[in-house]
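What follows is a single structure, written as structure tokens, with notes after it.
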Amino acid sequence: MNGGKQVYNYIGENVRRVDGYEKVTGCAKFADDLQMPGMLYAKIKKSSIAHGRILSIDTSKAESFKGVKAVITGKDVPNRVGLYLEDKTFLAVDRVRFIGEAVAAVAAETQEIADEAVELIDVQYEEMPAVFNAFDALKVGAPLLHENLGNYKYGSIFFPEPGTNISNHYKIRKGDVEKGFEKADMIIENKFYVPHIQHAPLENHTVIALTEPTGKITVWSACQSPYAVRRALSVAFKVPLNKIRVVSHYVGGGFGCKAGTTLEGIAIPLSRRLCGKPVKLSFTREEDMVCTFIRQGCHAIIKTGVKKDGRIVAEENTFYWEGGAYTEYGVNITRAGGYASTGPYDIPNVKADSYCVYTNQPVGGPYRGFGMSEIHFAIEQNLDMIAIKLGMDPVEFRKVNALKDGGHTVTNQELHNVGLLECIEKAAKEIKWGEASISTIPYKARGKGFACMYKAPSMPNNAGSSAVIKLNEDATANLLISAIDLGQGAYTVLAQIVAEVLTIPVDSISVIAGDTDCTPYEWQTVASRITYCCGNAVLKAAEDVKRQLIKLGSIKLALPEEDVELKDGFVCSKIYADRKIPIENLSLGLTMPDGSGVHGPIIGRGSFIPPNVRDTDKETGQGDKPVAFWSIGCQGVEIEVDKETGRIDVLKVAAAYDVGKAVNPQLAKAQIEGGIVQGIGSALFEQLLMEDGRVLNPSFTDYKIPAVSDVPEMVVNLVEVPEITGPFGARGVGEAAMVPTAPAIANALYDALGIRVNTLPIIPEKVLHALKEKRINECKADIYD
Amino acid sequence: MRHTISFVINGEAFTVDVEPNRTLLKMIREDLNLTGTKEGCGAGECGSCTVIVDKKAVNSCMMLAVEADGREITTVEGLAKNGVMDSLQEAFMNNAALQCGYCTPGMLMSAKALLMRNPNPTDDEIREAISGNLCRCTGYKTIVDAIKTASSAE
């Protein structure tokens with residue numbers, strides 16, 4: 001189906017969340033809510049140094065501490081694992097590479113005993129020189145974090161450089177940048193830096209592991225991707241997949257930090273020592289902020305060549321990502337930054353180099369946006385700087401260069417059904433772009449800023465989704481999937497798809513999710529891919545059920561199949577209103593007049609891989625379909641800045657996103673609003689402050705995330721230019737939601753005060769410093785005039 | 001040395017023995033098995049552990065269980081009465097004021113405490129009441145709208 005002007009019963013409706021009741025009554029059981037008889041509690045011992053060899057680990061005192069049941073070290077789980085590059089172990093084996101890395105773990109009768117016992121573990125290190133930023137790590141002769149990089153297994157689309165700290169170098173060579181720059185009337189180069197930040201979900205990572213006497217391992221984990229966890233554990237512990245069960249039900253916020261594997265591989269070896277006893281490992285807030293995933297830092301250098309009429313003719317981008325001690329996931333963020341490197345603009349000549357660099361810092365991993373927030377902070381400010389130099393309106397300048405129907409991305413993919421211009425027009429109109437913003441308070445100034453973005457899901461080309469629908473005897477249905485609703489609304493949207501096809505009410509559909517023993521394969525819940533990928537699988541499963549119902553119904557009604565349809569829970573004739581049979585009469589098969597039965601219970605099955613997504617060229621990064629789909633959008637913001645304190649208040653954000661088809665507009669808008677506020681956090685307050693690799697602010701006291709007082713007026717416009725391969729034309733939007741906010745605010749600051757802040761977060765001190773610099777420069781100009 | 005304390009929680013009377021350093025949050029979640037109230041930070045910063053004690057919203061991770069002796073406590077499990085949801089719960093669901101649901105119990109209790117003392121709050125009063133409840137998912141707008149809706153429904 002495409003997203004034409006069809007009228008739907010459930011698609012496009014603001015159906016109430018199907019998991020709302022459990023959450024507002026407190027019955028939803030998150031991982032830490034699970035209590036099991038005989039459960040033990042675990043704690044990890046963390047590295048106190050940033051880089052060093054482990055000389056010895058003395059666990060004897062911990063082992064003999066009353067109430068301690070097991071102690072493990074890296075020797076118990078030495079196998080390297082990794083989603084895209086196998087460079088990590090669950091516990092440090094012979095070396096630590098960041099402060100906070102797990103080196104041992106204890107299981108005990110109570111959490112208090114485990115916490116105390118961990119202090120009794122004595123680790124002796126031989127410290128090694130360390131590197132704490134990308135440039136030091138790239139210097140010739142810099143200490144290497146992974147000398148054996150050349151022996152690690154990795155996905156063929158990644159390009160590590162053994163003998164260096166570069167775990168991935170992704171290249172784009174489109175056209176000829178040198179010739180492009182020669183044609184340019186003006187060339188501008190700017191540098192930007194985005195520091196490390198934290199996902200800060202309200203739920204800390206928690207896992208419970210149980211090993212049974214049969215050897216079967218069950219893991220209850222707050223995780224986004226039970227199948228990815230299952231696979232990683234199978235590899236690490238050499239256990240066949242059918243002997244591992246991963247269960248993930250409710251997850252209290254992911255944003256990427258609960259993707260892949262984090263602490264599952266620590267709880268399992270403990271549970272294997274303690275056969276039959278469940279072991280719960282739950283991180284404190286401090287551990288959650290340091291020991292799981294963080295968003296890597298990014299240094300960006302953007303060099304752009306433009307013609308006087310505003311057309312960008314050449315761009316050379318370089319990104320250095322501070323990936324942290326292990327980049328098993330981070331290599332893909334580097335890649336995404338590479339193949340999206342210019343932002344949503346049609347530029348004929350592009351050279352991009354995106355480097356993932358090992359540093360002795362906490363582990364960089366997937367964070368909402370997957371590199372897009374970082375690169376767009378640089379790209380979108382740079383665009384404004386060019387526009388202003390050219391004397392062009394920044395929004396008009398973007399329109400000139402924007403990707404349009406028939407345009408080409410940096411990989412030379414030709415795009416169609418591109419809603420960017422429509423999004424720009426809607427957001428610009430809502431923020432009243434072009435009308436000056438004036439503050440009535442003398443020591444404050446107001447300004448407006450704009451930024452666009454795009455993003456594609458960065459997943460393997462063959463990332464698969466599947467769904468099973470069990471049609472019950474009363475025409476209710478159980479939808480079995482392994483996509484996880486992290487809050488984004490997946491279960492509701494997927495139930496709406498089933499409801500639409502089967503013509504049964506949404507609340508007659510129970511979504512059963514996240515149990516690898518019985519729900520079918522889903523690659524991961526990341527990448528804003530679930531509505532599109534799992535939605536397509538669910539659509540196929542629903543159509544499979546429909547086909548069977550039509551087949552059986554047409555036999556029963558003695559009509560040709562093409563004359564029969566589903567309507568309001570019946571299989572009925574398209575022509576004769578009275579010739580119909582309720583779905584429930586067919587769900588277990590068809591009973592014939594002589595009493596015999598045919599067909600058997602109806603089960604719907606659907607599998608989906610995005611069609612025709614192909615690898616790009618190793619040297620040039622060129623490819624005509626490197627991704628499944630693009631999400632596109634923009635935000636206009638209005639801010640007020642206090643000239644005396646430097647404090648920025650965001651007054652209004654006007655967002656417009658092309659979602660293809662909003663299956664549930666209320667939930668789509670809610671995601672975008674949440675993303676805007678998360679974007680404001682990254683723009684104005686959030687930074688993981690580190691000193692020699694030690695995180696200084698791992699708590700909500702010192703790492704501020706937005707509270708209700710930080711929320712501006714928000715207006716969200718949903719544009720619907722259908723994604724032809726999406727279910728009902730839908731495409732993803734969850735991550736896109738936060739990408740433009742920070743650069744739009746930075747651009748608004750320039751509009752308000754004529755100052756640029758090239759690094760995040762834009763804290764008051766930086767604003768005041770820039771104002772002071774500006775005054776000094778103006779004075780100099782006066783003197784020499 | 002354990003202390004014996006008596007209190008009423010969600011309308012039910014309890015007498016339990018607790019260690020003096022046990023927090024109210026741990027007692028509620030682990031001893032009474034009321035897991036609706038969540039731990040987000042253990043340091044009084046995020047509000048996920050908010051419960052109502054004698055009509056006031058408190059961070060239960062910052063209160064000792066022994067301080068609950070003689071008090072009346074309401075947790076999220078006590079909002080619905082006889083299977084009928086509180087107008088706040090309905091409003092949260094209707095307004096998409098929840099996503100992952102982790103901050104939701106604490107948010108509901110802060111809102112409930114507000115509406116109990118101030119049935120018709122202004123938008124600013126609503127924001128002040130939930131200023132100590134962090135949410136990473138929603139962006140707060142739908143939550144404020146939901147509390148406003150619930151206040152006019154009562």
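Naming: A, B, ... by sequence-line order, numbering from 1 per chain.
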Which of Ala200(A), Gly675(A), Ser282(A) touches chain B most, by non-hydrogen pairs under 4.5 Å: Ala200(A)
Lys/Arg-Asp/Glu bridge criterion (N-O < 4.0 Å) met for Arg285(A), Glu45(B): no
Portion of Val711(A) that has a non-hydrogen atom of chain B nearer than 4.5 angstrom: side chain
Atom group of Ala96(B) that falls short of 4.5 Å from chain A, counting heavy atoms: both
Side chains of Ser248(A) and Ser221(A), donor plus acceptor under 3.5 Å: no
Side-chain H-bond candidate by donor/acceptor type, Tyr250(A) with Glu203(A), under 3.5 Å: no
Most contacts with chain A, counted as non-hydrogen pairs under 4.5 angstrom, among Cys41(B), Pro105(B), Ala80(B), Gly78(B): Cys41(B)
Residue among Asn133(B), Leu79(B), Ile130(B) with most heavy-atom pairs under 4.5 Å to chain A: Ile130(B)
Test item: side-chain donor near acceptor, Gln496(A) and Asn664(A), under 3.5 Å: yes
Region of Thr701(A) in contact with chain B, defined by heavy-atom distances below 4.5 Å: both
Contacting moiety of Tyr21(A), where chain B heavy atoms sit under 4.5 Å: both
Contacting region of Leu486(A) [heavy-atom separation from chain B under 4.5 Å]: backbone
Check ion pair Lys26(B)-Glu39(B) (N to O, under 4.0 angstrom): yes
Lys669(A), part contacting chain B, at a heavy-atom distance under 4.5 Å: neither
Toward chain B, the part of Glu673(A) with a non-hydrogen atom under 4.5 Å: both
Chain B contacts, top residue of Thr25(A), Leu34(A), Ile680(A) (heavy-atom pairs, under 4.5 Å): Thr25(A)
Heavy-atom contact with chain B under 4.5 Å, split by part of Ala707(A): both
Selection from Cys135(B), Cys103(B), Gly101(B) maximising heavy-atom pairs under 4.5 Å formed with chain A: Gly101(B)
No-hydrogen, no-angle side-chain donor-acceptor test under 3.5 Å, Thr284(A) and Asn204(A): no
Which atoms of Gln671(A) approach chain B - backbone, side chain, both or neither, heavy atom under 4.5 Å: both
Residues Gln678(A) and Tyr367(A): side-chain donor-acceptor under 3.5 angstrom: yes
Distance-only side-chain donor-acceptor flag, Gln99(B) / Thr138(B), under 3.5 Å: no
Pair Asp710(A) + Lys704(A): basic N to acidic O under 4.0 Å: no
Residue part contacting chain A, namely of Met85(B), when any heavy atom lies under 4.5 Å: side chain
Short side-chain to backbone donor-acceptor contact, Ser528(A) and Glu735(A), under 3.5 Å: yes
Asp32(A), part contacting chain B, at a heavy-atom distance under 4.5 Å: both
Interface moiety of Glu90(B) toward chain A, non-hydrogen atoms closer than 4.5 Å: both
Side chain Asp17(B), main chain Arg2(B), donor-acceptor under 3.5 Å: no
Per-residue contact mode, Val24(A) against chain B (heavy atom under 4.5 angstrom): both
Residue among Asp33(A), Val677(A), Asn14(A) with most heavy-atom pairs under 4.5 Å to chain B: Asp33(A)
Test: Asp124(B) and Arg127(B) ion pair at under 4.0 Å: yes
